[in-house]
Amino acid sequence: MGSIEKAIRVGEESECVQEMVNMDPSFIPQKYLRSEEERAKDNIVDISLNYSSQIPILDLALLFNEDKGELEKLDKACEEWGFFQIINHGIPAEVLENINNGAAGFFKLPLEEKRKYPFDPFTRQGYGMYYPHTEGQKLDWCDSIAYSLYPSHLRKPELWPAKPPSFKDAVETYSAEVRKVAGKLFGCLSLIMGMEKEEGLLELQKELQILMRVNYYPTCSSPDKVLGLSPHSDPSSITILMQNNDTVGLQIRHDGGWVPVKPVPNSLIINVGDVLEMWSNGKYKSIEHRAVTSETNTRISFGAFVMPNIDVEIEPLEEMLSMQQKPAKYKKVKFGDYLTYALRQKMDGKANIEEYKT
């Protein structure tokens with residue numbers, strides 16, 4: 001059997017992009033190829049232009065100390081961009097390095113080893129295709145492993161890889177640090193949203209849920225013909241993203257174009273999610289984003305989706321309605337219902353949240 005035939009078989013049986021690339025780097029199955037029409041709609045802003053340099057970079061240490069100027073920058077970033085990068089977040093460089101090394105080691109394992117942790121569509125954990133292959137949806141050029149981090153009783157320990165041996169501990173340590181960062185950010189957001197208590201947003205979510213998805217983006221012989229991750233907004237409150245190198249792969253929708261995001265060393269990327277958009281009555285915008293691939297460099301990203309308890313009812317906050325003097329723009333919805341709806345749809349920009357506007 002030739003390399004192309006083997007790659008086709010692997011692609012059909014396992015949806016493992018990495019394995020297909022290993023067998024034949026030039027082969028791209030039809031179900032990954034974007035149409036000419038879709039590619040023609042791309043309006044990518046050159047990274048050398050001004051937009052990329054305008055992406056907000058905030059100092060979490062200053063935010064946590066309630067620095068007025070930094071809080072104003074946070075408010076503006078959430079309103080105008082729905083996206084920002086943070087520095088001085090307090091996560092030690094060693095912790096970031098350890099989880100990077102652990103993930104890189106896992107994705108280097110033979111396919112048979114990775115298949116020991118098959119994706120569970122009910123709990124959204126394990127190794128495999130994270131989003132369902134819905135009709136009309138092209139597959140993404142990436143492989144994933146996902147974990148439920150908090151609350152701890154939702155974890156599936158049997159789906160946490162035993163190899164490399166250090167990976168489990170690295171995930172555990174990183175997840176604890178991410179939860180601290182999320183708590184600090186919610187405190188700052190509570191202040192700028194006019195809530196009485198700094199703990200307002202955190203308490204509103206009851207038992208905080210954090211799910212982490214680790215994406216591996218293999219190289220692609222024709223990167224313009226595929227997407228690493230289709231355009232979408234996140235159904236979370238916020239998403240905390242970490243990337244493992246300086247390869248530019250993330251793009252955000254801004255002013256009608258796709259703006260490439262150049263990673264700042266040792267920074268974290270924060271996305272405003274659909275829940276925060278609804279709470280803010282549309283003042284803050286959940287960011288539409290996607291990932292592209294590279295012909296020469298692989299890339300790994302770590303997305304921590306920070307969400308309310310599934311029983312929490314989401315609707316515009318009274319504080320935001322009073323501040324804006326405007327009626328509610330979003331219907332009340334239980335978060336678990338919204339999450340279920342979002343995960344069953346094909347990834348299509350901000351179509352999910354549009355369904356819940358009044």
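Reckoned from all heavy atoms, side chains included, excluding hydrogens, waters and symmetry mates. All values derive from a computational prediction rather than experimental measurement.
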Check your understanding: For W258 and R253, what are the C-alpha separation, side-chain angles and deciding distance, and is it a side chain to side chain contact (heavy atoms under 4.5 Å, CB included)?
Key -> CA-CA 5 Å; W258 289 106; R253 176 76 81 178; 3.5 Å; yes

Study note, to complete from the structure: Rounded to the nearest 0.5 Å, the NZ atom of K68 sits from the CD1 atom of I192 at a distance of 14.0 Å

Study note, to complete from the structure: Tracing side-chain contacts under 4.5 Å among Ile, Leu, Val, Met, Phe, Trp and Tyr outward from L62 reaches none

Point to revise | Modelled atom types, side-chain donor and acceptor of Y150 and E207, under 3.5 Å | key: no

Review point. Under 3.5 Å, is there a donor-acceptor pair between the Y284 and D75 side chains?
Key: yes

Check your understanding: Mind checking whether L96 and H89 have side chains closer than 4.5 Å, heavy atoms only?
Key -> yes

Review point. Is it true that F107 and Y216 have ring centroids separated by less than 6.0 Å?
Key: yes

Review point. Under a 4.0 Å N-O cut-off, is there an ion pair linking E112 with R115?
Key: no

Review point. Any sub-3.5 Å donor-acceptor pair from S190's side-chain atoms to M195's backbone N or O?
Key: no

Practice item. Hey, could you give me the CG/SG distance between L58 and C188, rounded to the nearest 0.5 Å? Key: 9.5 Å

Review point. Is the Lys NZ or Arg CZ of R155 less than 6.0 Å from the centre of Y147's six-membered ring, within 45° of the axis?
Key: no

Point to revise | Ion pair E288/K350, N-O distance below 4.0 Å | key: no

Revision key, fill the gap. Correct closest heavy-atom pair for Q324 and K283 would be NE2-CB, 3.5 Å

Check your understanding: Linking Ile, Leu, Val, Met, Phe, Trp and Tyr by side-chain heavy atoms under 4.5 Å, what else ends up with V292?
Key -> L227

**Study point:** Nearest-0.5 Å distance that lies between atom CD1 in I99 and atom CE in M242
**Key:** 5.5 Å

Exercise for review: Kindly write out the residues that satisfy side chain to side chain donor-acceptor pair (under 3.5 Å) with N88, not counting sequence neighbours, or none if the list is empty.
Suggested key: D59

Check your understanding: Can you find a side-chain donor-acceptor pair between Q85 and S267 that sits under 3.5 Å?
Key -> yes

Practice item. Answer yes or no: is there an ion pair linking E315 with K331, defined by an N-O contact shorter than 4.0 Å? Key: no

Review point. Please walk me through it: do K332 and E313 pass salt bridge (charged side-chain N to carboxylate O under 4.0 Å, His left out)?
Key: CA-CA 7 Å; K332 181 189 290 188; E313 292 192 323; 3.7 Å; yes

Practice item. Not counting sequence neighbours, which residues clear side chain to side chain contact (heavy atoms under 4.5 Å, CB included) with E196? List them please. Key: none

Exercise for review: Indicate whether any N or O donor in one side chain lies under 3.5 Å from an N or O acceptor in the other, for S236 and D234.
Suggested key: no

Check your understanding: Cut-off 3.5 Å, side chains only: do N215 and R213 have a donor facing an acceptor?
Key -> yes

Practice item. Indicate yes or no: at least one non-hydrogen side-chain atom of H254 is less than 4.5 angstrom from one of H289. Key: no

Point to revise | Least distance between heavy atoms, P29 atom then M20 atom | key: CG-SD, 3.6 Å

Review point. L339 and side-chain contact (heavy atoms from CB on, under 4.5 Å): which partner among R124, M307, Q209, R344?
Key: M307

Point to revise | Inter-residue atom distance L185.CG - S237.OG, 0.5 Å rounding | key: 11.5 Å

Check your understanding: How far does NZ of K329 sit from CE of M320, to the nearest 0.5 angstrom?
Key -> 10.0 Å

Review point. Is I57 linked to I238 within one hydrophobic cluster, defined over Ile, Leu, Val, Met, Phe, Trp and Tyr using a side-chain heavy-atom separation of less than 4.5 Å?
Key: no

Revision key, fill the gap. The side chain to side chain donor-acceptor pair (under 3.5 Å) partners of D120 (sequence neighbours excluded) come to T123

Exercise for review: Kindly write out the residues that satisfy side chain to side chain contact (heavy atoms under 4.5 Å, CB included) with K180, not counting sequence neighbours, or none if the list is empty.
Suggested key: E177

Check your understanding: For E277, does its backbone N or O pair with a side-chain atom of S280 as donor and acceptor, under 3.5 Å?
Key -> yes

Check your understanding: Should the pair K156-E158 be classified as a salt bridge under the 4.0 Å nitrogen-to-oxygen rule?
Key -> yes

Review point. Among D224, V226, L33, which one satisfies side-chain contact (heavy atoms from CB on, under 4.5 Å) with R39?
Key: D224

**Study point:** Under-4.0 Å salt bridge between R34 and E38
**Key:** yes

Exercise for review: Measure the CZ-CG distance between F186 and L208 for me, rounded to the nearest 0.5 Å.
Suggested key: 5.5 Å

**Study point:** Which atom of T219 lies closest to which atom of V21, heavy atoms considered
**Key:** O-CG2, 3.6 Å

Check your understanding: If we ignore angles and hydrogens, is there a donor and acceptor under 3.5 Å between the side chains of Y338 and D274?
Key -> yes

